[in-house]
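The structure appears right after this line, and notes come after that.
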Number of protein chains: 2
Amino acid sequence: MTAASSPLIVVVDDDAGIRDALASLFKSIGNRVVSFESAQHLLAAGVPDDANCMILDVRLPGTSGLDLQTTLNRLEIRIPVIFMTGYGDVPMTVRGMKAGAVDFLSKPFRDQEMLDAVSAAVALDRRRRDSDGRRDDVLKRYAALTPREKQVFDMVSAGSLNKNVAADLGLSEITVKIHRGRVMKKMGARSFADLVRMAEVIAPHSREAT
Amino acid sequence: MTAASSPLIVVVDDDAGIRDALASLFKSIGNRVVSFESAQHLLAAGVPDDANCMILDVRLPGTSGLDLQTTLNRLEIRIPVIFMTGYGDVPMTVRGMKAGAVDFLSKPFRDQEMLDAVSAAVALDRRRRDSDGRRDDVLKRYAALTPREKQVFDMVSAGSLNKNVAADLGLSEITVKIHRGRVMKKMGARSFADLVRMAEVIAPHSREAT
DNA sequence: GCTGGCCGCATACCTTGGTTTGTTATCGGC
DNA sequence: GCCGATAACAAACCAAGGTATGCGGCCAGC
């Protein structure tokens with residue numbers, strides 16, 4: 001495990017006063033903060049890949065907060081987003097929430113509201129990073145399998161017997177066993193049950209009738 | 001499979017004009033509709049258990065739409081909810097969306113907006129019913145296992161070998177095999193991989209270190 | 001007091017999974 | 001032309017999974 005450092009909060013607001021206020025608020029509880037005055041500045045600098053939460057003003061010069069969120073989603077940057085808005089309306093709130101925002105705060109808000117939202121967002125991010133990490137690891141191992149090994153992996157984890165795999169692929173059973181053994185080693189599976197769970201991560205729930 | 005009948009939409013609004021307008025709108029595309037004038041009326045009659053979508057006015061006499069949603073969640077009634085509101089504000093929208101609403105429409109809205117929201121909600125409901133049905137089936141079968149069978153199920157699906165299960169439970173290996181065989185039959189698992197997937201449904205992802 | 005469900009075990013047998021050692025062959029790239 | 005990766009297979013084992021038949025004990029409910 002890497003040493004978990006303090007949460008990193010990214011703030012994007014065109015008002016320097018708000019940026020400073022939020023920065024000192026978050027620093028006061030031991031978080032790290034980086035601020036940007038616009039979506040363009042953030043994207044030019046690049047989203048820090050250890051960010052745990054983003055606070056976006058809805059109204060920003062140039063690209064709006066909502067459009068920035070859309071861009072982040074398209075870039076598959078899944079940092080939890082909290083919106084701030086001066087005079088928000090319902091449709092923009094709905095759009096932001098549907099797109100996955102964890103909260104939507106109307107200015108002015110109390111410090112505690114913001115801190116609660118951030119702590120929920122950071123917790124969400126930790127969980128996501130955790131499960132993504134495991135998933136990526138499995139996918140990486142899977143990608144390192146040879147084509148034949150992938151075929152054997154897919155079939156045995158779907159429940160096929162070695163002999164059926166052999167028949168379907170036109171191989172002898174012993175060959176399947178050898179591939180299967182290598183799959184177990186390469187995937188780092190300590191039991192067949194383990195392997196099935198990995199298969200579930202790679203290709204979730206292939207449906208079957210009762 | 002049961003014959004899938006047309007989607008059932010539940011409307012709750014205190015304005016009879018709105019109720020009628022929505023009813024004829026939904027009926028025009030072949031859906032079934034039941035309407036209520038308040039949360040109390042709905043709860044007194046009971047939420048139809050084949051409902052696929054609920055349209056709630058936020059402002060209702062007595063219990064508000066948002067409180068009704070909270071009640072439904074507490075009752076574990078997971079029908080997708082769409083809110084309508086005359087003059088909505090951001091906090092109420094956030095609350096509704098966080099609590100799982102699929103959409104939030106500001107009156108007046110275009111018919112097409114409502115139809116789009118409903119069709120998304122109905123699709124969501126079908127998916128949910130589908131996966132819940134499978135899950136319930138597995139849980140029911142699991143509940144029908146004897147205590148010993150459950151223990152054996154848990155251990156083998158976690159990856160333990162029969163001999164280890166036997167040692168841990170103070171049994172002979174043959175006894176474990178017999179239990180295991182009965183578990184396979186009772187659970188309706190056609191392969192061990194099947195069984196592992198069922199275990200995943202019952203007790204999702206028990207974490208292990210690499 | 002008897003039945004039925006749950007639990008446990010043995011003997012016997014067969015199938016399936018898994019490993020090791022060694023051989024053969026193809027193919028792409030340096 | 002050779003190396004490394006991929007692929008396939010055989011012989012020989014050994015371990016683990018799975019089933020059937022049969023036995024006995026315990027306990028709750030009728």
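What you are looking at is a predicted structure, and each value in this text was computed from that prediction instead of being measured. Chain identifiers are assigned alphabetically (A, B, ...) following the order of the sequence lines, protein sequences preceding nucleic acid strands; residue numbering begins at 1 within each chain.
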Would you indicate what A/Thr175 reaches in the nucleic acid, counting non-hydrogen atoms under 4.0 angstrom: base, sugar-phosphate, or nothing?
base
Please give, in whole Å, the distance from D/dA5 C1' to A/Arg182 CZ?
10 Å
Phosphate contact (C/dC7 OP1 or OP2) by B/Thr146 side-chain N/O below 4.0 Å:
yes
Report the distance from atom CG of B/Leu171 to atom C1' of C/dC9, rounded to the nearest whole Å.
10 Å
Could you tell me whether the phosphate oxygens of C/dC6, OP1 or OP2, come under 4.0 Å of any side-chain nitrogen or oxygen in B/His179?
no
Check this for me, if you would: do B/Asp136 and B/Arg129 make a salt bridge, where the nitrogen-to-carboxylate-oxygen distance has to be below 4.0 angstrom?
no
Could you state the CD1-C1' distance from B/Ile178 to D/dA16, rounded to the nearest angstrom?
16 Å
Atom pair distance, as rounded to whole Å: CZ in B/Arg148 and P in D/dG25
19 Å
B/Leu169 CG to C/dG8 C1', straight-line distance once rounded to whole Å
12 Å
Is the side chain of B/Arg182 donor-acceptor paired with the backbone N or O of B/Glu149 at a distance under 3.5 Å, no angle test?
no
Full working for side chain to side chain donor-acceptor pair (under 3.5 Å) between A/Gln69 and A/Asn73:
CA-CA 6 Å; A/Gln69 180 191 30; A/Asn73 282 341; 5.4 Å; no
Using a heavy-atom cut-off of 4.0 Å across all strands, would you classify A/Leu161 as base, sugar-phosphate, or nothing?
sugar-phosphate
Toward the 5' end of DNA chain C, which comes first, B/Ile174 or B/Glu149, by nearest nucleotide?
B/Glu149
Taking A/Arg180 for its side chain and A/Val152 for its backbone only, find out whether a donor-acceptor pair lies under 3.5 Å.
no
To the nearest Å, how far apart are B/Lys177 NZ and C/dC9 C1'?
13 Å
Out of A/Asp130, A/Asp132, A/Asp137, which one pairs with A/Arg134 under the salt bridge (charged side-chain N to carboxylate O under 4.0 Å, His left out) rule?
A/Asp130
Check the distance between C/dC6's P and B/Gln151's CD and give it to me in whole angstrom.
15 Å
Check this one for me: any side-chain N or O of B/Asn162 less than 4.0 Å away from OP1 or OP2 of D/dG17?
yes
So, is B/Ser172 close to the C/dC9 phosphate, meaning a side-chain N or O under 4.0 Å from OP1 or OP2?
yes
Expressed as a whole number of angstroms, how long is the span from A/Arg180:CZ to D/dG17:C1'?
12 Å
